[in-house]
Undergrad: 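Have a look at this one.
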Number of protein chains: 2
Amino acid sequence: MAPSRGKTGQTSVDQDASVSSTGGSRPATLRDVAAHADVDVSVVSRVVNGDPRLRVSDATRERVERSLRILDYRPNVQARGLRLARTWTIGFVLPDLMNPFYAPIVEGAEQRASELGYMVVIVRELDRARADDPELAFARLLHEDRVDGLLVASGRVDDDVLRTLDRGRRPLVIVNRRVPGVAGSVVVDDQAAAEVATSHLIDLGHRRLGHVAGPSGIDNTLRRHAGVAAAAARGGAMLVTAHGEGWDPESGHTAALRLLATHDVTGVVATNIIVAAGVVGAAQELGRRVPEDLSVVALHDFPVAPFLRPSLTTVVLPLEELGRQAVDELMWRLAGNARREITIAGRPRLVLRDSAGPPRDEGVPARDPGARALDGRRVRPRG
Amino acid sequence: MAPSRGKTGQTSVDQDASVSSTGGSRPATLRDVAAHADVDVSVVSRVVNGDPRLRVSDATRERVERSLRILDYRPNVQARGLRLARTWTIGFVLPDLMNPFYAPIVEGAEQRASELGYMVVIVRELDRARADDPELAFARLLHEDRVDGLLVASGRVDDDVLRTLDRGRRPLVIVNRRVPGVAGSVVVDDQAAAEVATSHLIDLGHRRLGHVAGPSGIDNTLRRHAGVAAAAARGGAMLVTAHGEGWDPESGHTAALRLLATHDVTGVVATNIIVAAGVVGAAQELGRRVPEDLSVVALHDFPVAPFLRPSLTTVVLPLEELGRQAVDELMWRLAGNARREITIAGRPRLVLRDSAGPPRDEGVPARDPGARALDGRRVRPRG
DNA sequence: CGGGGATGACCAAACGTTTGACCAAGGCTA
DNA sequence: TAGCCTTGGTCAAACGTTTGGTCATCCCCG
């Protein structure tokens with residue numbers, strides 16, 4: 001055991017300190033460890049942090065490391081944060097957790113963050129996100145120095161709010177949205193996904209297409225619409241778009257009714273799977289069977305897709321990866337680097353199920369009907 | 001403007017301090033405010049916190065409050081937390097965010113927490129939650145003093161882990177699960193919900209019932225099974241139970257195949273809506289139409305229920321309220337009070353949709369179709 | 001033997017709060 | 001007029017870290 005050293009003359013004793021890390025006693029502080037190893041707290045601190053400028057004898061270092069283990073020392077994050085003005089916490093701003101779209105993003109973000117020793121706090125932000133509202137939850141988090149940075153995954157927060165926030169001391173990364181010339185962002189390739197979905201319908205022989213989109217004007221909606229329009233044009237197909245008021249089933253239902261009542265389309269690209277459920281419902285109310293009378297392809301694949309009737313043909317987007325990379329981008333910014341606009345690489349994947357087939361009475365036959373998996377669930381990479 | 005006072009003789013000046021709360025400058029500290037109001041920081045602190053023992057002239061108090069407003073002072077949470085050994089942060093432990101079951105609970109918890117000035121950090125905990133794993137994410141959070149307490153909503157964490165955690169310094173509230181004689185918990189009335197679902201089938205005339213349950217042995221599963229069994233016995237119905245391995249669609253699918261292959265039931269209570277989707281799929285694979293040949297009632301209502309085909313008859317459980325009350329219970333514990341076991345009040349509500357009807361070829365007619373909503377409210381949403 | 005580096009460690013300030021102790025000045029009472 | 005209380009504050013320590021300085025000792029070299 002360590003001999004008594006130093007002018008304090010205090011003899012350190014191996015006290016019974018093997019407290020369970022979940023036990024009831026006070027966690028060991030730097031000072032406890034220093035006393036145990038009979039050195040100054042600064043030595044312990046530098047050992048813990050691997051300070052390269054620390055000059056210390058091997059014997060002392062080992063003594064310190066042993067004490068650290070025995071006392072099961074863990075740095076107090078608040079004290080460290082106070083000193084360093086950091087929190088190792090990031091905020092994830094979203095409008096609503098019920099929307100399954102956000103779950104995988106949050107999940108991916110949490111995974112990556114915890115790998116890096118960060119916590120993720122969720123901040124639900126209502127649509128009342130006006131620029132000068134002093135009670136904006138996330139602005140408060142920033143102002144109280146409770147987070148090191150923010151991931152904003154809400155499509156509803158005003159551009160102005162984001163611009164203001166982006167001028168602040170803390171980095172901001174916008175998730176799956178671009179705010180022109182303002183903030184760093186990470187997005188999935190919505191446009192490519194939309195093209196894949198649309199091309200699939202065209203490959204099946206559809207030439208009169210509908211797009212049930214999200215609220216108009218939203219960046220997100222624009223990117224997807226661009227993809228649908230591009231693929232439709234390339235395929236020589238007619239396209240009519242109906243915007244819903246949101247991304248919920250009712251919005252899809254309403255928009256689809258409007259679309260189907262006025263236009264004779266045979267295939268629809270729905271902006272997401274939830275909206276697609278509303279589209280299918282609307283079609284059936286109008287007496288059109290899916291996929292016999294109307295084909296539907298949805299963007300995003302959620303676990304529920306196979307269990308809808310008919311099961312939905314979808315395009316998978318890498319949402320977990322989106323969350324992970326959003327965190328990485330925030331770290332990049334925290335390290336002092338400049339804003340970037342990142343698009344997640346990787347081709348969107350088409351998942352064939354039952355909601356899309358060849359049009360009934362017209363058009364070319366599907367190019368390769370044999371590729372359809374019998375169970376309708378086999379995944380075929382983009383053709 | 002405030003005159004120069006005190007022996008420092010320092011004249012305070014109304015500097016241009018109206019920084020936007022999201023602006024780029026350093027947030028004002030207590031010291032800044034003190035200098036601005038020309039008083040000691042302790043006065044400012046006591047004013048901010050409404051210390052009743054503070055004796056101060058009205059003039060001074062107003063001067064301080066004015067400075068607080070001008071400088072837009074917000075306490076630094078880390079410093080305050082360091083001093084008071086609190087974080088105003090609670091951890092929410094869950095296995096997986098993709099399961100829509102958790103979304104409303106987290107959402108409710110976040111709402112309530114933010115009302116109370118608390119942040120919610122999500123902690124995903126894999127099933128590897130063994131008692132002595134030093135790298136348990138939530139144990140680390142506790143040990144580093146990053147949270148004031150924990151809400152555990154994972155059904156998979158070992159009882160032993162919870163028992164150990166529960167002996168620690170920080171309060172622990174188990175969400176929707178009871179760990180015998182150990183920790184405080186908040187649960188919804190699963191048993192009552194199961195009874196409502198089962199009674200509905202019996203009222204429709206079913207006498208041979210199946211229960212597709214969650215993994216056996218889990219408290220949750222037991223409570224629901226108790227409800228199903230009680231109602232079945234009361235109605236003189238036969239009951240056979242099949243346990244899935246999880247709460248995902250595949251588990252429901254597998255368990256339902258097993259159940260339907262070996263027993264001739266006419267109605268099934270599924271432990272949740274996701275599992276129910278698997279049950280419906282299994283039935284259809286076996287050539288049994290829902291609801292004509294098999295009625296299905298699911299516990300929990302998620303927004304997707306109306307859009308499944310057939311749309312699912314469900315029993316609504318107050319999951320958001322569960323989240324809110326879990327936070328309240330944690331606050332109760334943080335205030336130093338003893339553990340409690342709380343069951344959320346309020347009758348589970350039956351939502352009638354298309355997946356359950358009278359049995360085809362047998363049995364008594366429904367007793368009184370109008371009486372089936374136990375709470376007297378007949379709910380019939382779209383679909 | 002004196003000077004100059006290394007070596008190995010300690011000291012102390014600072015981060016922003018909270019809070020028990022203390023104190024000067026003035027007024028009241030005995 | 002001495003003593004005491006009240007009013008209106010100030011002082012300073014403490015929470016647990018981090019980190020730029022300082023410092024005593026020892027060794028080596030000229």
Side-chain angles (χ1 to χ4, degrees), chain A residues 2-10 12 26-64 68 71 73-88 143-146 169, chain B residues 2 5-10 26-64 68 71 73-88 143-146:
Chain A
S4 177
R5 301 176 65 255
K7 63 183 168 190
T8 68
Q10 184 187 340
S12 69
R26 180 178 62 82
T29 71
L30 226 35
R31 182 150 58 173
D32 297 330
V33 177
H36 188 268
D38 198 18
V39 294
D40 188 82
V41 291
S42 62
V43 174
V44 183
S45 172
R46 291 188 230 249
V47 167
V48 168
N49 296 321
D51 185 337
R53 295 178 317 189
L54 170 62
R55 313 257 16 143
V56 79
S57 68
D58 286 352
T60 304
R61 179 185 294 274
E62 276 168 23
R63 204 151 28 87
V64 168
L68 285 171
L71 298 182
Y73 171 79
R74 313 284 178 99
N76 177 298
V77 174
Q78 304 221 63
R80 180 180 255 183
L82 175 58
R83 182 64 227 262
L84 299 179
R86 299 183 51 190
T87 63
W88 295 274
H143 199 197
E144 292 176 353
D145 278 336
R146 301 190 74 167
R169 292 171 306 128
Chain B
R5 300 176 66 253
K7 62 181 167 189
T8 68
Q10 183 186 340
R26 182 177 60 82
T29 71
L30 225 36
R31 185 152 56 172
D32 296 331
V33 178
H36 188 267
D38 197 18
V39 294
D40 189 84
V41 291
S42 63
V43 173
V44 183
S45 173
R46 291 186 230 250
V47 167
V48 168
N49 297 320
D51 184 339
R53 294 177 317 189
L54 168 64
R55 313 256 18 136
V56 79
S57 69
D58 286 352
T60 303
R61 178 185 295 276
E62 276 168 22
R63 204 151 26 87
V64 169
L68 286 171
L71 298 182
Y73 171 79
R74 312 286 176 97
N76 177 300
V77 175
Q78 304 221 64
R80 180 181 255 181
L82 176 59
R83 181 66 226 258
L84 299 178
R86 298 183 54 190
T87 64
W88 296 274
H143 198 197
E144 292 176 353
D145 278 336
R146 303 192 73 166

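Order of the sequence lines sets the chain letters (A, B, ...), proteins ahead of strands, with each chain counted from 1.
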Undergrad: Which nucleotide wins on minimum distance to the side chain of V43(A), given the candidates dT10(D), dC10(C), dT17(D)?
TA: dC10(C)
Undergrad: What's the closest nucleotide to the T60(A) side chain, out of dT19(C), dC10(C), dG8(C)?
TA: dG8(C)
Undergrad: Look at all strands and tell whether V56(A) reaches a base, only sugar-phosphate, or nothing, counting heavy atoms closer than 4.0 Å.
TA: sugar-phosphate
Undergrad: Can you name the salt bridge (Lys or Arg N to Asp or Glu O under 4.0 Å) partners of R46(A), sequence neighbours left out?
TA: D51(A)
Undergrad: If you take any heavy atom closer than 4.0 Å to DNA chain D, which residues from residues 46-55 of chain B end up in contact?
TA: R46(B), R55(B)
Undergrad: Below 4.0 angstrom from OP1 or OP2 of dG9(D), is there any side-chain N or O of S57(B)?
TA: yes
Undergrad: Atom CZ of R26(A) to atom C1' of dC15(D): distance rounded to whole Å?
TA: 11 Å
Undergrad: R80(B) has an atom CZ; how far is it from atom C1' of dC15(C), in whole Å?
TA: 16 Å
Undergrad: Under 4.0 Å between any heavy atoms, over every strand shown, what does N76(A) touch: base, sugar-phosphate, or nothing? Just pick one.
TA: sugar-phosphate
Undergrad: Nearest 0.5 Å please: distance from the CD atom of E144(B) over to the OG1 atom of T87(B).
TA: 12.0 Å
Undergrad: Rounded to whole angstroms, how far apart are CZ on R86(A) and P on dT17(D)?
TA: 16 Å
Undergrad: In whole angstrom, what separates W88(A)'s CH2 from dT17(D)'s P?
TA: 11 Å
Undergrad: Report the C-alpha separation of V77(A) and R74(A) in whole Å, then their side-chain angles, then the decisive distance to 0.1 Å, and conclude whether the side chain to side chain contact (heavy atoms under 4.5 Å, CB included) test is met.
TA: CA-CA 9 Å; V77(A) 174; R74(A) 313 284 178 99; over 6 Å; no
Undergrad: How many Å lie between CZ on R74(B) and P on dG16(C), as a whole number?
TA: 17 Å
Undergrad: Tell me every residue that passes side chain to side chain donor-acceptor pair (under 3.5 Å) with R61(B), counting only those two or more places apart in sequence or in another chain.
TA: none
Undergrad: Of all of residues 27-34 of chain A, which get a heavy atom below 4.0 angstrom from DNA chain D, listed by number?
TA: T29(A), L30(A), R31(A)
Undergrad: Closer than 3.5 angstrom, by distance alone: can the side chain of R63(B) be matched with the main-chain N or O of A37(B) as a donor-acceptor pair?
TA: yes
Undergrad: Could you work out, with side chain to side chain donor-acceptor pair (under 3.5 Å) as the rule, every residue matching R86(B), not counting sequence neighbours?
TA: Y118(B)
Undergrad: N76(A): what forms a side chain to side chain donor-acceptor pair (under 3.5 Å) with it, not counting sequence neighbours?
TA: none
Undergrad: Applying side chain to side chain contact (heavy atoms under 4.5 Å, CB included), run through D145(A) and R169(A) and close with a yes or a no.
TA: CA-CA 10 Å; D145(A) 278 336; R169(A) 292 171 306 128; 3.0 Å; yes
Undergrad: In whole Å, I'd like the distance from the CG atom of L82(A) to the C1' atom of dG16(C).
TA: 6 Å
Undergrad: At what distance, to the nearest 0.5 angstrom, does NE2 of H143(A) lie from OH of Y73(B)?
TA: 10.0 Å
Undergrad: Let me know the distance between CZ of R146(B) and C1' of dG16(D), rounded to the nearest Å.
TA: 15 Å
Undergrad: When the distance from CZ of R61(A) to C1' of dT7(C) is rounded to whole Å, what number comes out?
TA: 13 Å
